[in-house]
Chemist: 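Sharing a structure here in structure tokens format.
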Amino acid sequence: VHDPLRRPWTEPGRDPEHVYAAQRGDLAALFTLLREYRRELWSVCFALTLDRARAERLFHETLLRASKNLRSVPNGAAFLPWLVRLAASAAASNQRRDAAEKDPAAMDRTALGTELTEEQSHALHAFASLTGQDRLLYALAAIARLPYAEIGTVTRRESNAVIHELAQLRARLAHREAA
Amino acid sequence: VRHVSVQQLSAFTDGALSGVSRELVVRHLATCSACRDRQGAWQAADEALRQALSWTPNERTLEEWSSRVELCITAERKGLPVPEFTPTLLPVIAAVTPTTLPRMRELLEGARGAMLSKGRGTKPERPAGAKPVAGAPAPEPPDEPAGSSLESAKPVPEEAPELAPAEARAPAVPSIENSSSTEAAPTHETEHEAGPAASEVDDVASEAGPEPVAEEASLAEPEPSPVAEATTESEPVSVAEPEVEAEPAPVAGSETEAEPAPVAGSETEAEPAPEPVAEQDSGPERLPDVELATEAALPTVAESEVEPEPEQKSVAAAQPDPAPAPVAYSEPTLPRAELPVALPVASTKRDPFLELKPLPELTEPLFTSASLPESTLARAMRRHANATPPGTDPVRKPAHVAVPAPVAPAAARPLRRRGRRRLLAACTVLLLVLLTSMFMPDVIRIPLPERWRPRVPRVEFVRRGGTLAETPAASRDAAFELATSQPIVPELVSQPAVAVSADSLAPADSVATPVTGEATSPAVTSAPASPSTAVATVARPPAPARAPARTAPARPATGTSERPSSEAEFVPDNPSTIIPVRVTTSVRLSKPPARALPEPEHDESWPLLCGEVIDAQGQPVEGARVQLVSPALTVRTDRRGRFCVACPPGVRALRVEAPGLPVVNRTVELTGGMVETRIALPPAR
């Protein structure tokens, strides 16, 4: 998912000027922003929901929310971290609805669209037992393979806290996998 | 052994360590097997998770999603109705057990054999094991290339040539193979004239010719064909790899040319009569090439996603669509693999492909997707084939491939259930409110903060059949307008005037729940320019006697000290009668509420109140609470039972509490300086 050739998630680039234009009603600038990070956003949505259909809904919802809450984008900051936080927030608000719709234990390739080995299945079930914020943190580290500093910027944590929480998450996941 | 911390291990797993820290962990892992195992398990879990969640929609799908979002945003900005979200990624396929593999193979072989036979213009009998294949168009429209020639299926012309002699030879192909390409001489190849996607068009192989297949794939699992016992010896024929770059001249465009075009090449050696290529491609019984491949040969999902060719779409749309066409699924993006063709031994006049019998209903959603690996599709078909109810004769079943009806996603059911639950909850709450309303007081006062001035509408419950059909405020407004438009009648008529106070203007039959604060609407709407001539015309209440009489009685405005009262004129129900009513509104100003004296700020000049708390035996009580009521101060006694507190001068009330002893209240007058007191707590009862 993480392309090392791409610029870091936290590097603003031309985001601030696009955000500024979008805040002033420029739809083209807004669409440019939304299109630029859609692949990263998809990976986050997929990791947060563990379901293709739900991830698509979350993707759609996040982009719509982003268009409505552009005022809250931090000045001069990169757009993607804010978008990821928005997706995590939307996922958290959808958590109850999703939990009512589907049993997490029924996660299989029907939802993921891929064949699962036994190891992958165990890892996924352990991963699914995490909360949304923990899932995001772990996904950024293990799936997107972001540096700790960027993870801290995206999730608004100190780097030390990221290290500590990730270690705890790994230990917890290993314990659940073993169980 | 001093192990490395989990933080170090985790950071090392993420590659976040460098320099000395990393060297330290590496050295430790070299010597400590426990940490090495743990780190390996973490790394494996990360990798497994990464692989499991590696699916990414292709660029076209993302583009479609972006366009959809942009459409929603644009519509929202323009005030147009926002289109609802419709998911494009549905659950892809149901689970297939490996036990259905032989059944799947039978199915595919039978379908292939029947297809080829039909392509030769014969009406073959359904081979054993043939079963309706339930395939579905991929639920991902953007991921599904439109290169499938099955979309252009046409009815087979009745004058199709009869079965060729070679057709009697049914190859005893044991199983489905997985191979890369075969250069079988007697093959029919239909090629699209399109570009790269032409390679995805199904190539229909004819039956085996005299020449052996050059590159025959190895048989994965030898298994007798369902029709093997009835066949003569023959060669397994595989579908050749599509040759995109081959000379297009010999092969006619299958989609565009309806003219029979003989396929050039060695095929004519095996075929007694040249066969129209277009016929193969356009017959309604045309089945797609369903490839089975081993897992190793499978591409990843992302790799299998290719962009469809728009030209093929147009060609497909141009073809007449036969109504009963048994359109099959399409998996054109998958790499090709050859299927051995099992030709039926004897052909009958009955074509099961054209009968279009109803398919057995699917018990669960069965979708195919272009983004799936081949084996997934194949297993799904196998599973469906296994779902044939026992006792049915698979030979008699039609072999056409049918598209199952789109199955509604299971997520719709909980939504409906939730809607029902919400409705039920709303009804329950309403019922409870109605039931409890009988026991509610007339007025419910809810204290609100002063700064909060909510605009709460006035709620009134009006009995049915009452004369006031509209809200009093609205009626007052209407009546006020009526009064201002009508001339004021200065004289009183014979009917007695009814004094109505401002508060009594509320309908008697109504129970109002005013909200304190400024949100409460005024009882009387009267804002005339001249107070002396102000007339507020209001509707006469139906039962004035029942009006709350908590206002001052009407008094004539004779006193000079009183301000001229506003006048109100009742408009009875009969508009012809005007009852002028003089209303006197007296306002009595009450005294302002006694405010508590502001507590003086702490001052150094405050007198000091000190004392000692003892029990009945004269022993000092430690830890007793000495509370000063005003100002609110609390101190505790020390070991000697003493306390000391500074408070403003005056008479102060003290409350002394000690655990296990009764409470004592004492009044102390503080004048200045220091006041000493001694408080004895009575013994506990």
Side-chain angles (χ1 to χ4, degrees), chain A residues 1 25 27 30-31 34-35 38-39 42-43 46-47 50 52-57 59-61 63-64 67-68 97 100-102 108-117 119-124 126-127 138-139 141-143 145 147-148 160 163-164 166-171 173-174 177-178, chain B residues 5-11 13-16 38 41-42 44-57 59 61-63 65-66 68-70 72-74 76-77 82 85 87-95 295 298 300-301 365 369 371-373 375-376 409-411 414-415 418:
Chain A
V1 175
L27 278 180
L30 173 64
F31 295 161
L34 299 186
R35 280 168 180 267
R38 57 191 182 189
R39 199 162 281 278
W42 164 260
S43 66
F46 197 28
L50 301 180
R52 298 200 317 169
R54 286 189 206 166
E56 184 194 354
R57 179 183 292 271
F59 180 89
H60 185 87
E61 191 176 338
L63 291 185
L64 285 185
S67 69
K68 293 174 187 170
R97 179 194 68 192
E101 281 183 1
K102 188 179 177 184
D108 53 6
R109 65 170 170 270
T110 305
L112 295 171
T114 55
E115 297 276 351
L116 289 183
T117 63
E119 190 181 14
Q120 290 174 351
S121 180
H122 288 166
L124 267 175
F127 183 67
Y138 193 77
I143 300 174
R145 301 187 72 88
Y148 283 176
N160 286 337
I163 294 173
H164 181 74
L166 273 176
Q168 299 296 329
L169 282 178
R170 282 210 162 89
L173 282 179
E177 275 188 67
Chain B
S5 66
V6 287
Q7 286 84 6
Q8 286 175 302
L9 214 55
S10 172
T13 306
D14 287 332
R38 172 184 272 194
W42 288 359
D46 284 3
E47 188 63 31
L49 202 60
R50 204 175 302 134
Q51 288 175 357
L53 297 178
S54 63
W55 188 87
T56 309
E59 199 60 32
T61 306
L62 286 173
E63 183 64 29
W65 292 352
S66 295
R68 197 172 47 179
V69 170
E70 289 167 6
C72 290
I73 294 172
T74 309
E76 198 174 334
R77 294 277 172 95
V82 179
F85 171 76
T88 58
L89 295 181
L90 297 176
V92 282
I93 201 161
E295 293 294 329
L298 284 178
T300 61
V301 176
S369 168
S371 63
L372 282 180
S375 60
T376 311
L415 285 177
R418 203 185 314 155

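Chain A is the first sequence line, chain B the second, and so forth, proteins listed ahead of strands; every chain is numbered from 1.
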Chemist: Mind checking whether A:F46 and B:W55 have parallel, tilted or perpendicular rings, split at 30° and 60°?
Modeler: perpendicular
Chemist: Find the one option among A:G25, A:A142, A:A123, A:A55 whose heavy-atom pairs under 4.5 Å with chain B are most numerous.
Modeler: A:A142
Chemist: Before giving the answer on side chain to side chain contact (heavy atoms under 4.5 Å, CB included), spell out for B:D46 and A:Y138 the whole-Å C-alpha distance, their side-chain angles and the decisive distance to 0.1 Å.
Modeler: CA-CA 9 Å; B:D46 284 3; A:Y138 193 77; 2.3 Å; yes
Chemist: Grab the two heavy atoms, one from A:Y148 and one from B:A16, that are nearest each other, plus how far apart they are.
Modeler: CE1-CB, 3.7 Å
Chemist: Chain A: which of B:V6, B:L49, B:L9 shares the most heavy-atom pairs with it under 4.5 Å?
Modeler: B:L49
Chemist: Using side-chain heavy atoms (C-beta onward) and a distance below 4.5 Å, is A:R35 in contact with B:E70?
Modeler: yes
Chemist: Side-chain contact, heavy-atom cut-off 4.5 Å: A:E56 with B:P57?
Modeler: no
Chemist: Can you say whether A:Q168 sits under 4.5 Å from chain B via the side chain, the backbone, both, or neither, judging by heavy atoms?
Modeler: side chain
Chemist: With a 4.5 angstrom heavy-atom cut-off, which part of B:E47 approaches chain A: side chain, backbone, both or neither?
Modeler: neither
Chemist: What heavy-atom pair brings B:C72 and A:L64 nearest, and what distance separates the two atoms?
Modeler: CB-CD2, 3.7 Å
Chemist: In terms of heavy-atom pairs under 4.5 Å, which option from B:E76, B:E63, B:R68 contacts chain A the most?
Modeler: B:E63
Chemist: Between CG of A:L30 and OG1 of B:T74, what distance do you get to the nearest 0.5 Å?
Modeler: 8.5 Å
Chemist: Which heavy atom of A:I163 sits nearest a heavy atom of B:Q7, and at what distance?
Modeler: CG2-CB, 3.8 Å
Chemist: Where do A:R39 and B:L62 land on the side chain to side chain contact (heavy atoms under 4.5 Å, CB included) test, with the steps shown first?
Modeler: CA-CA 8 Å; A:R39 199 162 281 278; B:L62 286 173; 3.3 Å; yes
Chemist: To the nearest 0.5 Å, how far apart are CG in A:L50 and CG in B:L53?
Modeler: 5.5 Å
Chemist: Does B:D14 form a side chain to side chain contact (heavy atoms under 4.5 Å, CB included) with A:R145? I'd like the steps, not just the answer.
Modeler: CA-CA 7 Å; B:D14 287 332; A:R145 301 187 72 88; 6.0 Å; no
Chemist: If you look at every heavy atom in A:W42 and B:T56, which pair is closest and at what distance?
Modeler: NE1-CA, 3.7 Å
Chemist: Taking all atoms of both residues into account, what is the closest heavy-atom pair of A:S67 and B:R77, and its distance?
Modeler: O-NH2, 3.5 Å
Chemist: Quick check: do B:I73 and A:L34 have side-chain heavy atoms less than 4.5 Å from each other?
Modeler: yes
Chemist: Check step by step if side chain to side chain contact (heavy atoms under 4.5 Å, CB included) holds for B:W65 and A:L63.
Modeler: CA-CA 10 Å; B:W65 292 352; A:L63 291 185; over 6 Å; no
Chemist: Can you name the nearest heavy-atom pair linking B:A44 to A:E119, along with the distance?
Modeler: CB-OE2, 3.3 Å
